[in-house]
2 protein chains.
Amino acid sequence: MATIKEVAKHAGVSVATVSRVLNEIGYVHEDTRKKVEAAIRELNYTPNEVARSLYKRKSRLIGLLLPDITNPFFPELARGVEDEMHKHDFRIIIGNSDENTNKEKEYIQTFIQNNVVGVIASTNYPDTDTYRKLDIPVVFLDRTADNRPSVYSDGREGGRMAAHEIVTRGSRQITIIQGPKHIRPAQDRYQGAIDVLRDQGIAYNVVQTSSYSFTEAGNWAQELFEQFPDTDGVIASNDIVATAVLHEALRLGKKVPDDVQIIGFDDIPLSSLLTPSLTTIRQPAYDMGSTAAGLLIRLIDNQNPDQKTIQMPVTFTERDTTRKV
Amino acid sequence: MATIKEVAKHAGVSVATVSRVLNEIGYVHEDTRKKVEAAIRELNYTPNEVARSLYKRKSRLIGLLLPDITNPFFPELARGVEDEMHKHDFRIIIGNSDENTNKEKEYIQTFIQNNVVGVIASTNYPDTDTYRKLDIPVVFLDRTADNRPSVYSDGREGGRMAAHEIVTRGSRQITIIQGPKHIRPAQDRYQGAIDVLRDQGIAYNVVQTSSYSFTEAGNWAQELFEQFPDTDGVIASNDIVATAVLHEALRLGKKVPDDVQIIGFDDIPLSSLLTPSLTTIRQPAYDMGSTAAGLLIRLIDNQNPDQKTIQMPVTFTERDTTRKV
DNA sequence: TTGTAAGCGTTATCAG
DNA sequence: CTGATAACGCTTACAA
């Protein structure tokens, strides 16, 4: 790789001049600019970002911390972030936390060590020194903390919606899948659902799960129908377990939605391709990602954005695992 | 962030000494080591990777270039890579190419500018200056080029398998979904399938698609049954379109697998949760990722690995969209 | 309009 | 065993 020094020599100017044309800053004569540009082309020079970053104490990198990119909700988020960042010439260092505080800290650490200019994080522990001590902007994505920049959707409201719709459509023996205790959005949804079920005096049971993994989802679905065979409505904590529940219900010979209605959460890409297709509470994942990126960029540029916590709409997406009303 | 200089002052030694304890290199007296370690702890110092990287001309970063992380096959690959790299203290810069040469070049460029020590890429154009000119190791993942380090599975063989199995199970009016022209693995699968169909003199039709997108998959599925209503067997180019085909077949009132058999490709996590669950040609995605990472690490460490191109097994994964034999 | 040189935070060489 | 110091490739005062 050519360096700025070589370009300078090649063009017969000083490194400062090269730097000037590179950064389009200060005055430089048209002729010398031409020479420099030629040299750059000939040597196929591209500036060393590391050196730049060292001097400026900031890079063009941002850190993206996600729970697990293997869960189809997160790739959507990630693409939203990446595409928006890419437009602004920022690149992404990515890390999967597995919802584990240590991994989280570790990644945040590497982000810092690499001079990232900002981080976007889906964490259950935003109110922690790991983030509070950071002196670069952080945007929480799919999670919130009071008064900290964040982009999320209202899980509680989503839970309410789910319960409301499933009740409206006639379920009376509802089983709620609670989702992992330490995952905030899962608990919000759960609370929301309970809010309305209690309110309306509708019976419900709860199945507690401990992860979002595809492989375990099947087991919980089985457990659900073993423990609560009379279930005529399931509010799942996300589309993965909803899919597993649907699969299990069908396997047991139940008619969906006639015998059991199912509502998922997220609207991951596959949900509409299931048969019957999955009714779900949709989160606009890709948009959330790009919105978060946009917010972070504004924060980085020090334009104090008018809104620091952005709540995205959650929408009831009616498909075929619920009855028509 | 504290710097090595501050640590040195705090500990009453020179930066050189601090550097020595940091890197566990050269001699340093037990007592001074203790002092330095204390200072490090007190100041909460962690070395600036950027400065390190500048001096050494290499970072602890590797570049990962994937077509589209939104396609559920790739997150598996990515996790495999990340987990293995993480064990060896390498971190990942990620980029989605959308199978587009320009984006690809752009990302490779940023990787270089950030001093990555190696690249893992899923590209359809490995035999291109973009990669040949790189003076850091590159491992191709899910793709190959002659004699270049790569981890992939035999798409052609997979295609053969799919055709063989669907024929064995009785399909005689087969429609092959060819998959995007510019995506190598898709074409390999297609060729493999054709190999055996021609060989056995079995009739087949072809539907050509131009992407792997979830949203378009539905259209192709429709097109398929409109153009070739007699189809009694579908070999899809991957599980996404297989899912769409299954969905459409069911929508049309066809019995699967009795009227139509369907075989997909990849075995993405959702495939086993479909109803009926999807028969597919499995690629061990996660393992491919971690294997590629392992190979790259050996290349980086200059241990000439015995095998530079590693072919992973493809396996017929019998589920419920094909008949029992 | 251009060049010189200091400095970003490390590591490694070379004296001591 | 330890400390100065040059060097990594770049940006930016400051001088010229």
Side-chain angles (χ1 to χ4, degrees), chain A residues 1-37 39-40 43-61 89 109-117 135-136, chain B residues 1-37 39-40 43-61 89 109-117 135-136:
Chain A
M1 287 294 299
T3 72
I4 198 175
K5 213 184 243 169
E6 307 181 75
V7 174
K9 193 186 317 175
H10 198 88
V13 299
S14 76
V15 295
T17 303
V18 178
S19 180
R20 278 185 204 104
V21 346
L22 239 33
N23 299 289
E24 298 174 327
I25 215 169
Y27 301 94
V28 30
H29 191 91
E30 195 47 32
D31 295 350
T32 75
R33 148 168 291 116
K34 288 254 156 55
K35 275 192 300 182
V36 171
E37 279 165 351
I40 289 178
L43 297 181
N44 206 281
Y45 168 77
T46 97
N48 179 327
E49 279 300 325
V50 174
R52 263 192 183 162
S53 169
L54 178 59
Y55 183 86
K56 302 199 155 188
R57 277 107 140 258
K58 52 162 99 168
S59 65
R60 296 298 294 179
L61 260 19
D89 277 319
Q109 170 106 307
T110 3
F111 291 165
I112 298 304
Q113 294 183 318
N114 285 285
N115 273 177
V116 302
V117 276
D135 37 31
I136 51 173
Chain B
M1 285 291 301
T3 72
I4 199 174
K5 216 183 239 171
E6 307 180 75
V7 174
K9 196 187 310 176
H10 199 87
V13 299
S14 75
V15 294
T17 302
V18 177
S19 179
R20 278 185 206 104
V21 346
L22 239 35
N23 299 289
E24 299 174 325
I25 216 170
Y27 301 96
V28 32
H29 192 90
E30 196 48 33
D31 295 350
T32 74
R33 148 167 290 116
K34 289 251 155 55
K35 276 192 298 184
V36 171
E37 280 164 352
I40 288 177
L43 297 182
N44 207 283
Y45 167 77
T46 93
N48 179 325
E49 279 299 327
V50 175
R52 266 192 181 164
S53 169
L54 178 59
Y55 184 86
K56 302 193 146 192
R57 278 108 141 260
K58 53 162 96 169
S59 67
R60 296 297 293 178
L61 258 21
D89 278 318
Q109 172 105 307
T110 4
F111 292 165
I112 298 304
Q113 292 183 319
N114 284 284
N115 275 176
V116 304
V117 277
D135 38 33
I136 52 173

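Scope of the values below: all heavy atoms of this structure, side chains included, with no hydrogens, waters or symmetry mates. Just so it is clear, the model here is predicted, and its values are computed rather than measured. So that the names make sense, note that chain A is the first sequence line, chain B the second, and so on, each numbered from 1.
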Rounded distance (Å) that lies between atom [atom2] of [N] and atom [atom1] of [X]:
| X | N | atom1 | atom2 | answer |
| --- | --- | --- | --- | --- |
| I25(A) | dA13(D) | CD1 | C1' | 12 Å |
| E49(B) | dT11(C) | CD | C1' | 12 Å |
| K58(A) | dC10(D) | NZ | C1' | 16 Å |
| Y55(A) | dA5(C) | OH | P | 16 Å |
| R20(B) | dC14(C) | CZ | P | 14 Å |
| I4(B) | dC8(C) | CD1 | C1' | 14 Å |
| R52(A) | dG9(C) | CZ | P | 18 Å |
| L54(B) | dA7(D) | CG | P | 14 Å |

Looking at [options], which one has an atom nearest to any side-chain atom of [X]?
| X | options | value |
| --- | --- | --- |
| L22(B) | dT11(C), dT11(D), dG3(D) | dT11(C) |
| K56(A) | dC8(C), dG3(D), dT12(D) | dT12(D) |
| N48(B) | dT1(C), dT4(C), dT10(C) | dT10(C) |
| T17(A) | dT10(C), dC10(D), dG3(C) | dG3(C) |
| A16(A) | dA5(C), dC10(D), dT2(D) | dA5(C) |

Does S19(B) have a side-chain nitrogen or oxygen under 4.0 Å from the phosphate oxygens OP1 or OP2 of dT10(C)? no
I want to check one thing: is the phosphate of dC8(C), taken as OP1 and OP2, less than 4.0 Å away from some side-chain N or O of R57(A)? no
CD1 of I112(A) to CG of N48(B): how many Å apart, nearest 0.5 Å? 10.5 Å
Between atom CZ of R20(B) and atom OG1 of T17(B), what is the distance when rounded to the nearest 0.5 Å? 5.0 Å
Pick the closest DNA chain D nucleotide for V13(B) and for A51(B) by heavy atoms, then say which residue is nearer the 5' end. V13(B)
5'-most contact on DNA chain C (nearest-nucleotide basis), G26(A) vs V15(A), goes to G26(A)
When all nucleic acid strands are considered with a 4.0 Å heavy-atom cut-off, which category describes [X]: base, sugar-phosphate, or nothing?
| X | result |
| --- | --- |
| V50(B) | nothing |
| T32(B) | sugar-phosphate |
| T3(B) | sugar-phosphate |

Checking side-chain hydrogen bond (donor to acceptor under 3.5 Å, both in side chains) for the pair N114(B)/T110(B): CA distance, chi angles, key distance, verdict? CA-CA 6 Å; N114(B) 284 284; T110(B) 4; 5.6 Å; no
Is any side-chain heavy atom of N115(A) closer than 4.5 Å to one of I136(A)? no
Electrostatic pair R52(B):E49(B) at N-O distance under 4.0 angstrom: yes
